[in-house]
Q: 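Starting off with a structure, shown below.
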Amino acid sequence: LLGIFFNVHSAVLIEDVPFTEDDFKDGPERIYRLYEQVSYNCFIAAGLYALLGGFSLCQGRLNKRKEYMVR
C-alpha cells in the first residue's frame, strides 16, 4: 500500500522522501520523481517479502512430510 500512496504523491509521506533544498527550486517535477523512486523501492521490497514468504511456506510444508520425520 505504501508504494501506491507514494506513487500518487501523498503529501503525508513527504517526510519519507529523501530530498534536499535544491530539489524544491526546479518545481514539483523533481519531487515527483523522488516520490516515484521511493514508490518503486516499496514495490520491490513487497515483491521480495512475497517471494521469501512463499519460499518459507514451501519449506515449512516440505519439512512437515512424514518421510522427513525422525522416529
Side-chain angles (χ1 to χ4, degrees):
L1 288 175
L2 269 177
I4 294 170
F5 289 128
F6 274 115
N7 204 10
V8 296
H9 312 133
S10 177
V12 177
L13 299 172
I14 189 71
E15 295 176 355
D16 297 322
V17 177
F19 61 87
T20 61
E21 292 295 325
D22 296 334
D23 294 332
F24 286 103
K25 292 179 182 174
D26 296 336
E29 290 82 22
R30 204 169 200 180
I31 300 295
Y32 289 161
R33 276 188 269 134
L34 289 172
Y35 264 105
E36 290 169 3
Q37 179 183 1
V38 174
S39 170
Y40 296 147
N41 289 344
C42 286
F43 287 132
I44 290 170
L48 287 174
Y49 273 115
L51 221 114
L52 289 175
F55 179 73
S56 176
L57 183 68
C58 289
Q59 289 295 313
R61 288 188 178 193
L62 183 67
N63 287 334
K64 284 186 178 181
R65 289 186 180 174
K66 289 189 176 195
E67 57 204 43
Y68 293 113
M69 295 291 204
V70 177
R71 293 184 181 184

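Only heavy atoms go into these numbers, but all of them, side chains included; no hydrogens, no water, no symmetry mates. Position 1 is the first residue of the sequence; numbering continues from there.
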Q: Any chance you could pull the hydrophobic cluster mates of Ile44, using side-chain heavy atoms under 4.5 angstrom and chaining through other members?
A: Leu48
Q: Output all residues satisfying salt bridge (Lys or Arg N to Asp or Glu O under 4.0 Å) with Arg33, sequence neighbours left out; order by chain, then residue number.
A: none
Q: Please name all residues satisfying ring pair (Phe, Tyr, Trp, His ring centres under 6.0 Å) with Tyr32, sequence neighbours left out, ordered by chain then number.
A: His9
Q: How far does NZ of Lys64 sit from CG of Leu62, to the nearest 0.5 angstrom?
A: 12.0 Å
